[in-house]
S.K.: 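A single structure is presented below for examination.
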Amino acid sequence: MRGHEAFKTYFQNWWKAFPNGNVEINNLIVSNDQVVIEAQGQGIQSGSFALGNKRSDPTGPMLEFHFCKIVRVQNGLIVSGRSYSDSYK
(Lines give C-alpha, C1' and ligand atoms only; values in the text may rest on other atoms or scores of the structure.)
Protein backbone atom coordinates (compact mmCIF):
# COMPACT_ATOMS: atom_id res chain seq x y z
CA MET A 1 0.00 0.00 0.00
CA ARG A 2 1.42 3.36 -0.96
CA GLY A 3 0.23 6.85 -0.24
CA HIS A 4 -2.22 8.62 2.00
CA GLU A 5 -5.31 7.62 -0.02
CA ALA A 6 -4.39 3.90 -0.03
CA PHE A 7 -3.85 4.00 3.74
CA LYS A 8 -7.18 5.79 4.23
CA THR A 9 -9.04 3.33 1.96
CA TYR A 10 -7.53 0.34 3.80
CA PHE A 11 -8.92 1.49 7.16
CA GLN A 12 -12.25 2.64 5.68
CA ASN A 13 -12.72 -0.90 4.33
CA TRP A 14 -12.15 -2.34 7.81
CA TRP A 15 -14.63 0.03 9.47
CA LYS A 16 -17.26 -0.54 6.78
CA ALA A 17 -17.01 -4.30 7.29
CA PHE A 18 -16.89 -4.07 11.11
CA PRO A 19 -18.89 -0.93 12.00
CA ASN A 20 -19.19 -2.03 15.64
CA GLY A 21 -15.54 -3.12 15.78
CA ASN A 22 -13.10 -2.02 18.41
CA VAL A 23 -9.36 -2.30 18.89
CA GLU A 24 -7.49 -2.56 22.17
CA ILE A 25 -3.78 -1.77 22.21
CA ASN A 26 -1.92 -4.25 24.43
CA ASN A 27 1.62 -2.91 23.91
CA LEU A 28 2.99 0.24 22.34
CA ILE A 29 6.76 0.54 21.94
CA VAL A 30 8.50 3.60 20.49
CA SER A 31 12.21 3.64 19.71
CA ASN A 32 13.76 6.37 17.60
CA ASP A 33 11.68 6.41 14.40
CA GLN A 34 10.08 2.96 14.92
CA VAL A 35 6.69 2.26 16.51
CA VAL A 36 5.46 -1.23 17.38
CA ILE A 37 1.79 -1.72 18.16
CA GLU A 38 0.52 -5.04 19.51
CA ALA A 39 -3.26 -5.11 19.60
CA GLN A 40 -6.41 -7.15 19.41
CA GLY A 41 -9.62 -6.32 17.66
CA GLN A 42 -13.10 -7.69 17.70
CA GLY A 43 -16.35 -7.08 15.96
CA ILE A 44 -19.15 -8.56 13.92
CA GLN A 45 -18.55 -8.46 10.18
CA SER A 46 -21.85 -6.96 9.07
CA GLY A 47 -20.55 -5.40 5.86
CA SER A 48 -18.54 -6.62 2.88
CA PHE A 49 -14.79 -6.48 3.27
CA ALA A 50 -12.49 -5.65 0.38
CA LEU A 51 -8.75 -6.04 0.46
CA GLY A 52 -7.11 -5.61 -2.91
CA ASN A 53 -9.09 -7.63 -5.44
CA LYS A 54 -10.50 -10.02 -2.82
CA ARG A 55 -13.90 -9.55 -1.21
CA SER A 56 -15.48 -11.20 1.82
CA ASP A 57 -19.22 -11.14 2.42
CA PRO A 58 -20.58 -10.56 5.94
CA THR A 59 -20.07 -13.56 8.23
CA GLY A 60 -22.34 -12.71 11.18
CA PRO A 61 -20.53 -14.07 14.27
CA MET A 62 -18.22 -12.06 16.53
CA LEU A 63 -14.61 -12.26 15.32
CA GLU A 64 -11.53 -11.68 17.44
CA PHE A 65 -8.10 -11.15 15.92
CA HIS A 66 -4.66 -10.31 17.22
CA PHE A 67 -2.12 -8.30 15.26
CA CYS A 68 1.13 -6.41 15.40
CA LYS A 69 2.01 -3.36 13.30
CA ILE A 70 5.50 -1.98 12.93
CA VAL A 71 5.79 1.48 11.40
CA ARG A 72 8.58 3.93 10.70
CA VAL A 73 7.78 7.61 11.18
CA GLN A 74 9.54 10.64 9.70
CA ASN A 75 8.39 14.23 10.25
CA GLY A 76 5.16 13.01 11.85
CA LEU A 77 4.19 10.81 8.88
CA ILE A 78 4.25 7.02 8.49
CA VAL A 79 6.78 6.27 5.75
CA SER A 80 6.77 2.48 5.93
CA GLY A 81 5.08 -0.30 7.80
CA ARG A 82 4.47 -4.00 8.20
CA SER A 83 1.56 -5.86 9.73
CA TYR A 84 1.45 -9.37 11.19
CA SER A 85 -1.70 -11.10 12.36
CA ASP A 86 -2.57 -14.18 14.33
CA SER A 87 -5.30 -16.60 13.29
CA TYR A 88 -8.87 -15.44 13.66
CA LYS A 89 -10.99 -16.90 16.45
Side-chain angles (χ1 to χ4, degrees):
M1 154 175 33
R2 293 192 182 274
H4 179 263
E5 286 304 313
F7 191 81
K8 180 178 167 182
T9 299
Y10 173 80
F11 283 101
Q12 284 176 334
N13 283 334
W14 272 102
W15 293 118
K16 284 180 186 175
F18 297 92
N20 73 330
N22 65 67
V23 174
E24 179 179 336
I25 296 174
N26 299 325
N27 287 302
L28 180 65
I29 302 165
V30 178
S31 179
N32 298 320
D33 65 347
Q34 301 284 325
V35 179
V36 178
I37 305 154
E38 179 188 14
Q40 64 187 46
Q42 65 179 19
I44 296 172
Q45 184 185 357
S46 59
S48 293
F49 179 68
L51 186 56
N53 61 355
K54 296 182 181 180
R55 184 175 261 346
S56 171
D57 290 328
T59 57
M62 177 70 71
L63 297 176
E64 181 178 322
F65 45 95
H66 300 259
F67 60 93
C68 180
K69 294 197 177 294
I70 303 169
V71 298
R72 191 165 62 88
V73 179
Q74 287 182 341
N75 300 320
L77 298 174
I78 296 172
V79 295
S80 66
R82 294 181 302 281
S83 184
Y84 304 95
S85 62
D86 199 351
S87 60
Y88 292 83
K89 290 185 180 181

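Side chains included, hydrogens not; waters and symmetry mates left out as well; all remaining heavy atoms used. Treat the numbers as computed from the prediction; the structure is a model and nothing was measured.
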S.K.: Would you say Val73 and Tyr10 are hydrophobically clustered, going by side-chain heavy atoms of ILVMFWY under 4.5 Å?
M.R.: yes
S.K.: Using distance only, find each side-chain donor-acceptor pair of residues 16-35 under 3.5 Å and give its atom names and separation, not counting sequence neighbours.
M.R.:
from: Asn20; atom 1: OD1; to: Ile44; atom 2: N; distance (Å): 3.1
from: Asn27; atom 1: ND2; to: Glu38; atom 2: OE1; distance (Å): 2.4

S.K.: Just jot down the side chain to side chain donor-acceptor pair (under 3.5 Å) partners of Thr9, sequence neighbours excluded, or say none.
M.R.: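 Thr9 satisfies side chain to side chain donor-acceptor pair (under 3.5 Å) with no other residue.
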S.K.: Hey, any chance Phe11 and Leu63 share a hydrophobic cluster, counting ILVMFWY side chains that come within less than 4.5 Å of each other, even indirectly?
M.R.: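 Same hydrophobic cluster.
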S.K.: Do Val36 and Tyr84 belong together in a cluster built from hydrophobic side chains that touch within less than 4.5 Å?
M.R.: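 Yes, Val36 and Tyr84 fall within the same hydrophobic cluster.
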S.K.: Could I get the full list of side chain to side chain donor-acceptor pair (under 3.5 Å) partners for Ser83, not counting sequence neighbours?
M.R.: Lys69
S.K.: Does the side chain of Ser48 come within less than 4.5 Å of Pro58's, by heavy atoms?
M.R.: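 Of all side-chain heavy-atom pairs linking Ser48 with Pro58, at least one is under 4.5 Å.
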S.K.: Can the ring centroids of Phe67 and Trp14 be said to lie less than 6.0 angstrom from one another?
M.R.: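 Centroid distance Phe67-Trp14: not below 6.0 Å, so no.
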